[in-house]
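The block underneath contains the structure these notes are about, expressed in structure tokens.
All values below come from the heavy atoms of this structure, side chains included, with hydrogens, waters and symmetry mates left out. Below, read A as the first sequence line, B as the second, and so on, with proteins coming before strands; counting in each chain starts at 1.
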Amino acid sequence: MEELSKRYVPGDIEDKWYQHWMDAGHFRSVPDDRESFSIVIPPPNVTGQLHMGHILNNTIQDILIRRARQEGKNACWVPGTDHASIATEAKVVSMLKERGIRKADLTREEFLKYAWEWTDKYGGIILHQLRKLGASCDWDRTAFTLDEIRSEAVIQVFVDLFRKGKLYRGKRMVNWDPAAQTVLSNEEVIYEEEKTTLYKVRYRIAGTEDEWITIATTRPETILGDTAIAVHPEDERYTHLQGRKAVVPLINREIPVIADAYVDTSFGTGALKVTPAHDVNDYEIGLRHKLDVIDVLNPDGSMSPAAQLFVGMDRDKARKAMFEALETDGYIAGSEELIHNVGRSERTRVVVEPRLSLQWFVDMKAIAAPALKAVEEEEVRFYPDNLRNTYRHWMENIRDWCISRQLWWGHQIPAWYLRDGDSEHVFVGKDEAEALAEARRITGRDDLEVHDLRQDEDVLDTWFSSWLWPISVFDGWRRQDEVDYYYPTSVLVTGWDIIFLWVARMIMAGYEWRGQKPFHTVYFTGMVRDKQRRKMSKQLGNSPDALGLIDQYGADGVRYGILASAPAGGDILFDEKLCELGRNFCNKIWNALRLIKSWEIQPSRDHDDGRELAIRWMNARRMEMDTDLRQKYSQYRLSEGVTALYTFVWDDFCSIYLEAIKPGYGEGLDAESYGATVRLFEQICILLHPFMPFLTEEIWHQLRERKTGDDCIRSRIDQEVGLVDKETLELFGHILKVKSSVLELRNQHQLSPRETMTLVYPSDPELIRIWHQPGAEAVLHKLANATCTQGLGEGVSFLAGKYQYHAVLQIEIDKEMEIKRMREELAYFEGFVNSVDKKLSNEKFVSNAHPDVVEKERQKKADGLVKIEQLQKSISQLL
RNA sequence: GGGCGCAUAGCUCAGCUGGUUCAGAGCAUCUGCCUUACAAGCAGAGGGUCCGCGGUUCGAAUCCGUGUGCGCCCACCA
């Protein structure tokens, strides 16, 4: 027999089995006549690195996929990556900067060449990292949101929406990211409370020497773009100024004082400077009052020539400079601190600038209805389901989705304009030829040629490709066979933070293009945080090195660690300690294997009653566990599932079963017991496999010789739930109680476990029945080194269940203490019986409560009375 | 401003249909053990006003109301 190491060493074993699974094609899925079970991976950023969020997410998906395989379903987990337009482009830009290349100096083609080089170099690293974790994806299906198939889907969808009139181009106030120099959707802006200064600035009233109106602003630099001052129509403080003109400080532009009900009289001074170019509400006011729009900022956030002052200076510096200039000239009338919400770009973290611009939008109201209904009616189920409320709220107040981005890395918008015309006329088509045909049709000019057209420079929001993912990964716009088989997918596993960015939109896309939901269930994971509840981030340095963890604890250990702390929905407070626990668990199981493999089979030996009973019990417990797990899977309580398995394996299998079955020193084991133990271990491996795939696969093969293809990953769980042998569980349970008491007594009295303890039990028919069961005494002897006979109680007493035992100890017992202890127990039970009795004598209880409950109470009372009686007897014996 | 959620042991949380075998688990702490699978192990112990108040009920950690504290989402503040 080969020598097994004392500790489980995961490294080589993991690589070996992953390669084996790949070679055997166990992850591969093609449509057949089985029921399908499919998951599409939330595609990580193509140039990303594995972090704790991925570990959590993909461990869960892998568990569900492996379990589905065991259930005999055709399980298909589709992997892939996201081109992550803005994030990747930012990375490429900074990489180029390091090489002394400015994006502005490159053509689009040149830039994309660099971007693809970058993608080819770093792209897909994360997918290899997922393999380390054990992710059993069908790698042959690896998709990329910017590959040919996915790109074609995006273009088709854009054209389709446009033709259906659900997509439009319009001039709106949008969120501008000055660092990335692109527009963002509302969902990509994060609002956070920040401390800022509210300045009070006075504007002279035109035509007066010393009449002023004072406004309050947090952004003095935008004063240069003011085109009005607004006051509330009924604000008496300013009635006399309405209709007059004020003079913008420093640049002396005259602007009207207007009345608008938007103004909050209680805020600041009650007078509002109106800068339509740089504030959403100001823009609205501007529309109402037909005000000029003066854009004082450049796309990069610096002051534009229109500002007249500080031209080219960054907005933050300009704010300071503006304040100083205003103060010097006596325009500052005061300032105070203000805490308000500031919107920042999700990607670049810079403050987002409201900006008026011409962009493409999806008319969300036109496509939202079926998606809202689907979740409302639980056609799509959410776990946890309280996220339905959040979803409903967003869907009911849905706003149009700005999908154009001023970037190069992404799907270029399939819209064309006349090369030298304005962009009034838009021609949308899947390619230039189609666009040209459109152009000819719309303009009536048959002489137009391709070179007369220019394509929209912008690309589409990354999510505009992600929302098609459940369909596009199956090439669902070009062929039907695969998508018909795998779609709707079974479950989506993702974080709740992208419920709007991604999940909601996928549901809408599903109904829009397939008339069907994209998945039956969404399992929302929480955010991974550190022990102090801080979000994991690079800046804080509190994000553990995911691959390092796998190296240190093994993939199975890490899987256990992340899962054990991860109930659905709630935040996950990740503690490396849990990985240690997982590693220890692996080691425990490994050592169970070592133990079993060390046993010699002795054909001459008989199978004895004790072992027979232990096997029966272990089988019953296994069935119980099996039933329990089914329930936990069906409710996606994976965290509970793995902890239940942990105690089941550790306590029941290792501490109890193996100890009960273990041959004595120098003895061998009968073949039947050995075989039964191997079978039990196998069945445990099956239950454990989805959670700890590597270890279980190794054990599976260590337990016995296997034929090719007989791998744990392909093992099946029974379709039918077996009947649990309750009687054996009860019998064995009682023995375990006695065992615990014996150990406790030994501990209390410092007795050696080597010395056999003699127990005496009272003459009770139930007890006699228990101890006359074949094997009962043998098991007790094995587990506790104690014998048990019926007889008169002498020595130290203890309770096991409702029965009182006595232990014959070779020590002096402290009678006083014994009596005191028993009297305390007695008092407790008397109180207990009393309260139960009270209940039972309450007529309302007896008549109102469930008959079962009443019966239970009666039983409690009866049991309590038995205990009292026995205690009293013991006490009187000692007296 | 609109909405959602949480409060149970030192920490993280279970407790799913109200029922004193329901006050639990794991970690941490403490005690004793290198016992021939495993010290990454084994055997034990202590630790609680189930956030406060009121109500429903025969009965409340559990249901309802309310107060307090905390977290989150959405909308939006010059």
Rounded to whole Å, how long is the line connecting atom [atom1] of [X] with atom [atom2] of [N]?
X	N	atom1	atom2	value
Trp599(A)	rU36(B)	CH2	P	16 Å
Leu387(A)	rG71(B)	CG	C1'	14 Å
Arg7(A)	rC34(B)	CZ	C1'	13 Å
Met527(A)	rC73(B)	CE	C1'	12 Å
Trp590(A)	rG41(B)	CH2	C1'	17 Å
Ile499(A)	rC72(B)	CD1	P	17 Å
Leu638(A)	rA14(B)	CG	P	15 Å
Glu640(A)	rA14(B)	CD	P	9 Å

Return yes if the base of [N] and the side-chain atoms of [X] contain a donor-acceptor N/O pair under 3.5 Å, otherwise no.
X	N	result
Asn386(A)	rC4(B)	no
Lys6(A)	rC38(B)	no
Glu659(A)	rA37(B)	yes

Leu783(A) to Ala660(A) - nearest heavy-atom pair and separation: CD2-N, 3.8 Å
All heavy atoms of Ala228(A) vs all of Leu291(A), minimum pair found to be CB-CD1, 3.5 Å
Taking only the [atom1] atom of each, what is the distance from [N] to [M] in whole angstrom?
N	M	atom1	result
rA43(B)	rG48(B)	P	25 Å
rC34(B)	rA39(B)	C1'	7 Å
rC72(B)	rA60(B)	P	35 Å
rU49(B)	rA61(B)	C1'	12 Å
rU8(B)	rC42(B)	P	30 Å
rG1(B)	rC63(B)	P	28 Å
rC38(B)	rG52(B)	P	49 Å
rC27(B)	rG44(B)	P	14 Å

If you check the [X] side chain, which of [options] turns out closest?
X	options	value
Phe500(A)	rA28(B), rC38(B), rC73(B)	rC73(B)
Leu743(A)	rA78(B), rG19(B), rA43(B)	rA43(B)
Phe845(A)	rA37(B), rG19(B), rA78(B)	rG19(B)
Lys577(A)	rA28(B), rC72(B), rC38(B)	rA28(B)
Arg594(A)	rA78(B), rC42(B), rA37(B)	rA37(B)
Asn591(A)	rC38(B), rU12(B), rC42(B)	rC38(B)

Do the ring centers of Phe382(A) and Tyr391(A) come within less than 6.0 Å of each other? yes
What about the rings of Phe681(A) and Phe653(A), do their centers lie closer together than 6.0 Å? yes
Side chain to side chain contact (heavy atoms under 4.5 Å, CB included) with Arg392(A): which of Leu387(A), Leu372(A), Val375(A)? Leu372(A)
Under 4.0 angstrom, heavy atoms only, what part of the nucleic acid is [X] near: base, sugar-phosphate, or nothing?
X	value
Glu843(A)	nothing
Cys654(A)	base
Val263(A)	base
Tyr191(A)	base
Asp575(A)	nothing
Tyr553(A)	nothing
Leu198(A)	sugar-phosphate
Asp863(A)	base
Arg399(A)	sugar-phosphate
Leu272(A)	base

Report yes if a side-chain nitrogen or oxygen of [X] is closer than 4.0 Å to either non-bridging phosphate oxygen (OP1 or OP2) of [N]; otherwise report no.
X	N	value
Arg583(A)	rA40(B)	no
His393(A)	rC4(B)	no
Lys844(A)	rU57(B)	no
Lys588(A)	rC42(B)	yes
Trp650(A)	rC42(B)	yes
Asn584(A)	rG41(B)	yes

Please tell me which of Leu338(A) and Val836(A) maps to the more 5' nucleotide of RNA chain B, matching each residue to the nucleotide holding its nearest heavy atom. Val836(A)
5' priority, RNA chain B, between Asn397(A) and Arg637(A) [closest heavy atom]: Arg637(A)
RNA chain B: stems of at least 3 consecutive Watson-Crick or G-U pairs whose donor-acceptor distances fall under 3.5 Å: B:1-7 with B:68-74, B:10-13 with B:24-27, B:29-33 with B:41-45, B:51-55 with B:63-67
Would the distance check show the side chain of Glu193(A) and the main-chain N or O of His340(A) forming a donor-acceptor pair, the cut-off being under 3.5 Å? no
Test log, rule ring-ring contact (aromatic ring centres under 6.0 Å, His included), inputs Phe323(A) and Tyr199(A): CA-CA 8 Å; Phe323(A) 167 72; Tyr199(A) 300 97; 4.9 Å; yes
Mind checking whether Tyr646(A) and Phe585(A) have parallel, tilted or perpendicular rings, split at 30° and 60°? tilted
Can you classify the ring geometry of Phe500(A) versus Trp394(A) as parallel (below 30°), tilted (30 to 60°) or perpendicular (above 60°)? parallel
Cation-pi between Arg7(A) and Trp590(A): NZ/CZ under 6.0 Å from ring centre and within 45° of the ring axis? no
When you compare the side chain of Val342(A) with that of Thr196(A), does any pair of heavy atoms fall below 4.5 Å? no
